[in-house]
Number of protein chains: 2
Amino acid sequence: MEIDRLNWKILKCLQENARLSNAEIGRRVGVSSPAVSERIKKMEDLGVIEGYKGIVSPFEVGYQLKAIITLRAFMGKLKPFLVKVKTYDEVVNCYRITGDENIVMEVVLKNQKHLETFIDQLIIYGESKTQIVLSDVVKQKEIESLK
Amino acid sequence: MEIDRLNWKILKCLQENARLSNAEIGRRVGVSSPAVSERIKKMEDLGVIEGYKGIVSPFEVGYQLKAIITLRAFMGKLKPFLVKVKTYDEVVNCYRITGDENIVMEVVLKNQKHLETFIDQLIIYGESKTQIVLSDVVKQKEIESLK
DNA sequence: AATGAAATTGTATAAAT
DNA sequence: ATTTATACAATTTCATT
């Protein structure tokens with residue numbers, strides 16, 4: 001697909017604030033609202049835009065801890081884990097990766113006790129390593145046009 | 001703050017599709033649109049809602065590789081890195097963590113060559129380890145009410 | 001592919017329960 | 001704190017260029 005300069009401007013607006021009206025986006029990028037609407041629809045249909053997410057602060061709703069947990073799955077345990085991990089409310093992101101560890105997860109937790117019970121659930125699937133997140137340095141940075 | 005059942009329903013709607021109108025959210029959760037509007041505004045003001053992001057597919061816009069890169073910073077190099085990392089378009093998430101490594105990053109890249117040039121930029125800051133992402137198992141899972 | 005105009009729908013503000 | 005009423009604004013559809 002051809003993402004022209006105008007579409008990139010629209011994507012920038014939507015990545016900054018997905019609840020902007022088409023009219024407001026139109027004003028910012030210099031076209032009419034039906035034009036914005038049509039371009040957005042096309043990018044949705046083509047999968048360039050995957051969706052629009054309201055970002056909830058885990059901290060403000062009671063998740064006081066964030067951790068990065070890697071898992072080195074036991075033989076035959078990777079596939080069952082890939083199914084199970086989708087059911088954990090605590091896991092906000094999970095990737096299958098190359099290397100000694102098979103899995104890396106970003107996890108939100110209430111407190112140490114919650115962390116302990118969560119890690120206990122992992123032991124049947126493999127060896128886990130936990131690193132506590134001290135701070136978010138970069139948070140869901142916008143995707144930009146590659147040069 | 002008290003997030004009641006109604007606010008959780010509204011948050012669920014917004015996390016699924018941030019571009020839903022207040023009227024549509026009202027229909028789904030069973031209240032009028034001004035009620036939705038006021039509750040959303042309050043949650044925004046309190047920081048429960050951090051924002052609304054349009055999600056762009058890195059793959060569809062030409063980033064063919066995703067990697068998890070950890071960095072063990074050299075003495076005195078962590079702080080300069082924390083400043084520098086915010087300027088990299090490739091880094092979509094970056095956390096400071098406990099443990100041997102100080103930093104973990106989620107990075108999007110065009111291809112192997114791009115990965116190489118990116119990693120080369122890191123060598124002045126510390127020792128990096130790169131793991132290629134094979135698949136997204138869980139992707140920006142919604143935050144749910146803790147029981 | 002973008003605009004302009006008409007009909008529909010949504011938003012914001014106020015007053016009232 | 002939510003609803004209803006109202007005025008204003010935005011969205012969608014369609015005809016036009």
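Remember, predicted model here, so these are calculated numbers, not experimental data.
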Asks: Quick check on the helix from C:dA1-D:dT17 to C:dT17-D:dA1: what's the angle between its two end axes, five base pairs per end, to the nearest 10°?
Replies: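 End-to-end axis angle for the helix from C:dA1-D:dT17 to C:dT17-D:dA1: 30°, rounded to 10°.
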Asks: Within a reach of under 6.0 Å around NZ of B:Lys12, are more than 12 heavy atoms found that belong to other residues, nucleotides or ligands?
Replies: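 Count not over threshold, so no.
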Asks: Check the surroundings of atom CD in B:Glu16: do more than 12 heavy atoms from other residues, nucleotides or ligands lie under 6.0 Å from it?
Replies: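 Atom CD in B:Glu16 is crowded, with more than 12 foreign heavy atoms closer than 6.0 Å.
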Asks: Might you list the N or O atoms of the protein lying below 3.5 Å from N or O atoms in nucleotides 15-17 of chain C, with each pair's distance?
Replies:
none

Asks: A side-chain contact here means heavy atoms from C-beta on lying under 4.5 Å apart; do A:Tyr52 and B:Lys53 qualify?
Replies: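 Not in contact.
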Asks: Tell me, do B:Lys77 and B:Asn102 make a side-chain contact under 4.5 Å, heavy atoms counted?
Replies: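 Not in contact.
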Asks: Between atom CZ of A:Arg28 and atom CG of A:Asn17, what is the distance when rounded to the nearest 0.5 Å?
Replies: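 The distance works out to 7.0 Å.
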Asks: Mind checking whether A:Glu90 and A:Ile69 have side chains closer than 4.5 Å, heavy atoms only?
Replies: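 SC-SC contact between A:Glu90 and A:Ile69 ruled out.
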Asks: Side-chain contact, heavy-atom cut-off 4.5 Å: B:Leu115 with B:Ile132?
Replies: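 Yes, at least one pair of side-chain atoms sits under 4.5 Å.
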Asks: Could you tell me how the ring of B:Phe118 sits relative to the ring of B:Tyr88: parallel (under 30°), tilted (30 to 60°) or perpendicular (over 60°)?
Replies: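 Perpendicular.
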Asks: Above 12 or not: heavy atoms from other molecules or residues under 6.0 Å from CD of A:Glu50?
Replies: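 Counting neighbours around CD of A:Glu50, more than 12 heavy atoms of other residues, nucleotides or ligands fall under 6.0 Å, so yes.
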Asks: Could you run down nucleotides 1-13 of chain C 5' to 3' and tag each one B, S or - for protein heavy-atom contact under 4.0 Å?
Replies: SSBB-----SSSB
Asks: Got more than 12 heavy atoms from elsewhere within 6.0 Å of NZ, B:Lys41?
Replies: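 Open: at most 12 neighbouring heavy atoms sit under 6.0 Å from NZ of B:Lys41.
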